[in-house]
Amino acid sequence: MTTSSPGSSGLPTSSRDAEPVAPTPLDVAAAFDTSPVGRPLAASPPRPPRASAGDVADVADQEDLADRVVAAVLAVPGVVRLHAGAFGEVATYLPGRAVTGVRLRPDEAEVHLVVSAGRPIPEVAGNVHEAVRALVSEPVHVFVEDVEPSPT
């Protein structure tokens, strides 16, 4: 029922209407000159190197630093608690646990917290900034995520 005219686009046409018809899978396969079979695969990206003894020490240092940052932040008057962000995404991820509310990166440190309404927010944020700045060499960003009423 389908024929292909040599001077046309190469798509099968109906002999009755002379309109193009959708090609069959065999027509599509015949249109390819080469087959991907036998061609070498593209090079895969190199794998990252495995952890060395120095990397383990770096993880231990990172873990110690994250714990010291948490302790310094919670010691600031007016800080109620650390905050993990709207979706719990603010954390420093360590083997076996996450330190929420603190994000330590090679280029910056972030602290997300909840403050008490009984203290001036800029003062609390400034004190947190100074406390964390004494521990890390990267720029420190403090985010006040929420304010809770003072206990009565």
Side-chain angles (χ1 to χ4, degrees), residues 2 8-12 19-152:
T2 61
S8 69
S9 65
L11 294 175
E19 290 183 24
V21 196
T24 66
L26 291 176
D27 294 330
V28 173
F32 286 99
D33 292 345
T34 60
S35 170
V37 177
R39 277 196 242 158
L41 296 173
S44 60
R47 291 184 177 185
R50 293 183 182 257
S52 66
D55 294 337
V56 173
D58 291 342
V59 169
D61 290 343
Q62 184 85 351
E63 190 169 355
D64 180 53
L65 179 60
D67 291 336
R68 288 188 295 138
V69 168
V70 168
V73 169
L74 293 177
V76 172
V79 174
V80 175
R81 68 177 181 278
L82 292 165
H83 193 279
F87 301 105
E89 74 280 6
V90 179
T92 297
Y93 296 98
L94 300 168
R97 70 184 179 114
V99 179
T100 57
V102 175
R103 183 181 287 155
L104 299 176
R105 294 182 174 167
D107 58 338
E108 68 178 353
E110 290 182 14
V111 178
H112 296 247
L113 51 99
V114 177
V115 299
S116 173
R119 306 283 301 205
I121 296 172
E123 178 183 316
V124 173
N127 292 341
V128 167
H129 184 271
E130 291 305 316
V132 175
R133 186 72 182 112
L135 298 173
V136 300
S137 58
E138 299 82 16
V140 176
H141 304 284
V142 176
F143 298 89
V144 176
E145 297 286 350
D146 201 0
V147 178
E148 285 191 357
S150 300
T152 54

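Only a predicted model underlies this, so the values are computations on that prediction, with no experimental measurement involved. Side chains are part of it too, since the values below use all heavy atoms of this structure and drop only hydrogens, waters and symmetry mates.
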Does a side-chain heavy-atom distance below 4.5 Å link Leu113 with His83?
-> no
Arg81 versus Glu148: any side-chain heavy-atom pair under 4.5 Å?
-> yes
Taking only residues at least two apart or on different chains, which pairs with a member in residues 106-137 satisfy ring-ring contact (aromatic ring centres under 6.0 Å, His included)?
-> His112-Phe143
With the side chain counted from C-beta on, respond yes when Val79 and Val124 share a heavy-atom pair under 4.5 Å apart, and no when they do not.
-> yes
Show every donor-acceptor pair shorter than 3.5 Å between a side-chain atom in residues 89-100 and any protein atom, with sequence neighbours excluded, or say none if there are none.
residue : atom : partner : partner atom : Å
Glu89   : OE1  : Phe87   : N            : 2.9
Thr92   : OG1  : Val102  : O            : 2.7
Thr92   : OG1  : Leu104  : N            : 3.0
Arg97   : NE   : Glu63   : OE2          : 3.4
Arg97   : NH1  : Asp67   : OD1          : 3.4
Arg97   : NH2  : Glu63   : OE2          : 3.4
Arg97   : NH2  : Asp67   : OD1          : 3.0
Arg97   : NH2  : Asp67   : OD2          : 2.9

Begin with the C-alpha distance, continue with both residues' side-chain angles, and end with the deciding distance and a verdict on side chain to side chain contact (heavy atoms under 4.5 Å, CB included) for Val142 and Val132.
-> CA-CA 9 Å; Val142 176; Val132 175; 5.9 Å; no
Of all residues at least two apart in sequence or in a different chain, which pass the salt bridge (charged side-chain N to carboxylate O under 4.0 Å, His left out) check with Glu138?
-> none
Go through the structure and list residues passing salt bridge (charged side-chain N to carboxylate O under 4.0 Å, His left out) with Glu123, not counting sequence neighbours.
-> Arg119
Residues at least two apart in sequence or cross-chain that pass side chain to side chain contact (heavy atoms under 4.5 Å, CB included) with Glu130, listed by chain then number, are none
Hits for salt bridge (charged side-chain N to carboxylate O under 4.0 Å, His left out) against Asp64, two or more places apart or cross-chain, chain-then-number order -> Arg68
What is the minimum heavy-atom distance between Val114 and Val147, and which atoms define it?
-> CG1-N, 4.5 Å
Side chain to side chain contact (heavy atoms under 4.5 Å, CB included) between Leu135 and Leu65, intermediate numbers included | CA-CA 8 Å; Leu135 298 173; Leu65 179 60; 4.2 Å; yes
